[in-house]
Novice: 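Got a structure for you, written out below as structure tokens; questions coming shortly.
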Amino acid sequence: MEPESMTNTEITVLLETLAKLIEATATDAADAARIIREAIPR
């Protein structure tokens with residue numbers, strides 16, 4: 001899904017899911033940044 005076509009609700013769900021993933025798996029700030037960068041659609 002292209003970010004430009006996402007609704008506010010979809011963006012909120014995506015960000016909450018990403019936040020939960022980071023909380024559950026990141027060991028430090030660099031690891032959190034890696035998780036976020038890997039989640040960016042290319």
Side-chain angles (χ1 to χ4, degrees):
M1 180 176 296
E2 293 296 320
E4 297 85 26
S5 65
M6 293 177 72
T7 65
N8 285 342
T9 301
E10 290 170 326
I11 292 170
T12 300
V13 169
L14 173 67
L15 291 173
E16 183 58 32
T17 302
L18 188 55
K20 288 178 182 178
L21 174 64
I22 291 167
E23 286 177 332
T25 62
T27 56
D28 57 24
D31 198 28
R34 178 192 55 77
I35 292 167
I36 292 168
R37 288 183 180 110
E38 288 177 0
I40 298 170
R42 305 223 186 265

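Values below: every heavy atom of this structure, side chains too, minus hydrogens, waters and symmetry copies. Note that the structure is a prediction, hence the values are computed from the model and not measured.
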Novice: Just wondering, more than 12 heavy atoms not from N8 lying within 6.0 Å of its CG?
Specialist: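 Open.
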Novice: With sequence neighbours left out, write down each residue that passes salt bridge (charged side-chain N to carboxylate O under 4.0 Å, His left out) with E16, or none if nothing qualifies.
Specialist: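 Partners of E16 by the salt bridge (charged side-chain N to carboxylate O under 4.0 Å, His left out) criterion come out as none, since no residue qualifies.
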Novice: With respect to I36, which candidate in L18, D31, L21 satisfies the side chain to side chain contact (heavy atoms under 4.5 Å, CB included) definition?
Specialist: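 By the side chain to side chain contact (heavy atoms under 4.5 Å, CB included) criterion, I36 pairs with just one of L18, D31, L21: L18.
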Novice: Roughly how far, to the nearest 0.5 Å, is OG1 of T27 from CD1 of I22?
Specialist: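 Going from the CD1 atom of I22 to the OG1 atom of T27 covers 12.0 Å.
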Novice: Looking only at heavy atoms, which two atoms of R42 and R37 are closest? And how far apart?
Specialist: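 Looking at all heavy atoms of both residues, the closest pair is NH2-O, 3.3 Å.
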